Amino acid sequence: SQKATIKYFWVVAALILVQMLLGVVTAHYGVEGDGFYGIPLSDWLPYSVSRTWHIQMGLFWIATAWLAAGLFIGPLVSEHEPTGQRFGVNVLFLALLVVVVGSLAGQWLSVHNQMSDTTSFYFGHQGYEYVDLGRVWQIALFVGLLLWLVLMVRVLLPALRQTGEQKQLVTLLAVASTAIALFYGAGLTWGQHSHLSIVEYWRWWVVHLWVEGFFEVFATTVIAFFFMRLKLIRPGIAASAALLSATIFLSGGIIGTCHHLYFSGTPTVALAWGSVFSALEVVPLVLVGFEAMADLRRSRRTEWVQRYKWPIYFFVSVAFWNMIGAGLFGFMINPPIALYYMQGLNTTPVHGHAALFGVYGMLGIGLMLVCLRALIPGVEWKDGLLKFSFWSLNGGLMAMCVLSLLPVGLMQTWASVEHGYWYARSAEFMQTDVMQTLRWLRVPSDTVFFLGAVALVVFVAGLKTGHSFRRENNGN
């Protein structure tokens, strides 16, 4: 069943490349309107579709990488391969492909007005960011997550029945897997004509609690287990560290969800508690940086651990972007008075890009590389492309935020405070020479970022063709 997960990673690599291309098109629409260097691309790929697909594919490839990592690590944890596990992994893969292709096609048809309103709700585009896919595809994805949970539980069950130091870590992994599968169900709680306040409440259960909460716990546990298997930390310490991280993330994150609900019909208490706990969320994100430095030191202890150098580097970059993207840029827009003027301006995609790709994207890449490294343990990798990819992705992402998105967002905030929110988003303001120049500054940073993604995809493809393996002196 572990070998069966490798096709998940081929799909992850393909989705990364397509998502980047859609991001290039979407960003370019901001300066040219409805064209792409003179090509009337919006006739076939409108902004609403390119932006929806850009976000949706990001969520799909990140989730696929994480789910595949869970399926891969399960037999390592229990040292047990249940009967039919490989078949279940293959069925889940086909189910995910159906959801991806079906939901993307439905969104295109919906935006092109090829569906009625009711049909669009069920098969097309719901119109709510991060849960754009139609209700039928949502239900199909939920069923897929439940199937993934069954596969995880049946492979972890023998380890849960055992006693020993690693039982706590296995229990935490099982709990996080259960939460990931079940909490997506919050996205099924509204109907086509539900009040927007109700929809927003449950939507943020999915976006904030499902992604930022329980996926974080799952990832922390998986990384701790990998380090334990590499004999870099003892099982007891790994379990304690994972449990502490989970407690810190969830204690601030659950109540911190209210910072999304300040102005969506909630009572004043949501504003009070949400702002306080959102501010406290910065603390654990900073503490993660210390753990990352410990990870870096561990990676240099032995020569054979150097084989996992670049996956560990991606884990370290997760801590950096946790502090900058989720911590600094998130805290910048989360206080109530700031969000009142900033919500929906370019300060939001600063946080979105730096936190979603910087944290969850880098983590997904790291997990993918760890699994691929473990699948082919006896062969040395050519790490030139990985080195280029790592620094290009991180450098390009930082340049994108600092040179373009952040200045545009701060200028919009000034315009919102001085003249009103309507003016900050108006064509009159956004099409000024200064704003156009700042948005064109995304070209060099986006190019570096995109080349880093291409290098990663080429490297992963090379693992299939053999071009990413280092040849020995005897030519083998």
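Just so we're clear, the structure is a prediction, and the values are computed from it rather than from any experiment.
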Of all the heavy-atom pairs spanning [X] and [Y], show the shortest one and how long it is.
| X | Y | value |
| --- | --- | --- |
| G70 | M152 | O-SD, 3.2 Å |
| S389 | F314 | OG-CZ, 4.5 Å |
| L145 | Y184 | CD1-CB, 3.6 Å |
| D43 | H112 | O-NE2, 3.7 Å |
| S50 | L22 | O-CB, 4.1 Å |
| S103 | L133 | CB-CB, 3.8 Å |

Under 3.5 Å: donor-acceptor pair, side chain of [X], backbone of [Y]:
| X | Y | result |
| --- | --- | --- |
| S404 | M400 | no |
| S392 | F388 | yes |
| Q412 | L345 | no |

Between [atom1] of [X] and [atom2] of [Y], what distance do you get to the nearest 0.5 Å?
| X | Y | atom1 | atom2 | result |
| --- | --- | --- | --- | --- |
| L96 | F60 | CG | CZ | 8.5 Å |
| I39 | S42 | CD1 | OG | 11.5 Å |
| N394 | I324 | CG | CD1 | 11.5 Å |
| Q192 | S120 | CD | OG | 8.5 Å |
| W108 | S48 | CH2 | OG | 13.5 Å |
| M362 | F390 | CE | CZ | 7.0 Å |

Can you say whether the rings of [X] and [Y] are parallel (under 30°), tilted (30 to 60°) or perpendicular (over 60°)?
| X | Y | answer |
| --- | --- | --- |
| Y423 | H419 | perpendicular |
| Y29 | Y47 | tilted |
| W204 | Y130 | tilted |
| W137 | F123 | perpendicular |

Given F429 and M435, is the side-chain contact (heavy atoms from CB on, under 4.5 Å) satisfied, shown in steps? CA-CA 8 Å; F429 179 71; M435 297 298 279; 3.6 Å; yes
If you count heavy atoms of other groups shown closer than 6.0 angstrom to [atom1] of [X], is the number above 12?
| X | atom1 | answer |
| --- | --- | --- |
| W202 | CH2 | yes |
| H195 | NE2 | no |
| F36 | CZ | yes |
| E418 | CD | yes |

Quick one: is the NZ or CZ of K7 closer than 6.0 Å to the six-membered ring centre of F9, and within 45° of its axis? no
Here's one to test your reading of the geometry: is the NZ or CZ of R373 within 45 degrees of the ring axis of W310 and under 6.0 Å from its centre? no
Do [X] and [Y] have side-chain heavy atoms sitting under 4.5 Å apart?
| X | Y | answer |
| --- | --- | --- |
| T347 | F329 | no |
| H351 | L356 | no |
| F93 | Y8 | yes |
| N346 | L406 | no |
| V370 | F315 | yes |
| S468 | W381 | no |
| R439 | Q431 | yes |
| I180 | W148 | yes |

Pairing residues for K464 by the side chain to side chain donor-acceptor pair (under 3.5 Å) criterion, not counting sequence neighbours: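 For K464 there are no side chain to side chain donor-acceptor pair (under 3.5 Å) partners, ignoring immediate neighbours.
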Considering residues at least two apart in sequence or located in another chain, which fulfil the side chain to side chain donor-acceptor pair (under 3.5 Å) criterion with H125?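 H125 satisfies side chain to side chain donor-acceptor pair (under 3.5 Å) with T52 once adjacent residues are dropped.
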Trace of the ring-ring contact (aromatic ring centres under 6.0 Å, His included) decision for H353 with W321: CA-CA 10 Å; H353 282 82; W321 288 109; over 10 Å; no
Does Y201 form a ring-ring contact (aromatic ring centres under 6.0 Å, His included) with H260? I'd like the steps, not just the answer. CA-CA 8 Å; Y201 176 79; H260 297 290; over 10 Å; no
Polar side chain donor-acceptor pair, T413 to S416, under 3.5 angstrom: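 The criterion, which ignores hydrogens and geometry beyond distance, is not satisfied for S416 and T413.
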Pairing donors with acceptors under 3.5 angstrom, does anything connect the side chains of Q126 and D132? no
Could you check D446 against R442 for salt bridge (charged side-chain N to carboxylate O under 4.0 Å, His left out), going step by step and ending with a plain yes or no? CA-CA 6 Å; D446 283 16; R442 281 195 63 169; 3.2 Å; yes
Going through the distances and angles, do W53 and Q19 end up as a side-chain contact (heavy atoms from CB on, under 4.5 Å)? CA-CA 7 Å; W53 283 1; Q19 190 215 3; over 6 Å; no
Less than 4.0 Å between a side-chain N and a carboxylate O, is that true for R203 and E129? no
Begin from the C-alpha positions of L369 and L386 and carry the test side-chain contact (heavy atoms from CB on, under 4.5 Å) through to its verdict. CA-CA 10 Å; L369 292 176; L386 275 184; 3.9 Å; yes
Output, in order, the C-alpha distance, side-chain angles, deciding distance and verdict of side-chain contact (heavy atoms from CB on, under 4.5 Å) for L456 and I16. CA-CA 9 Å; L456 176 67; I16 288 174; 4.1 Å; yes
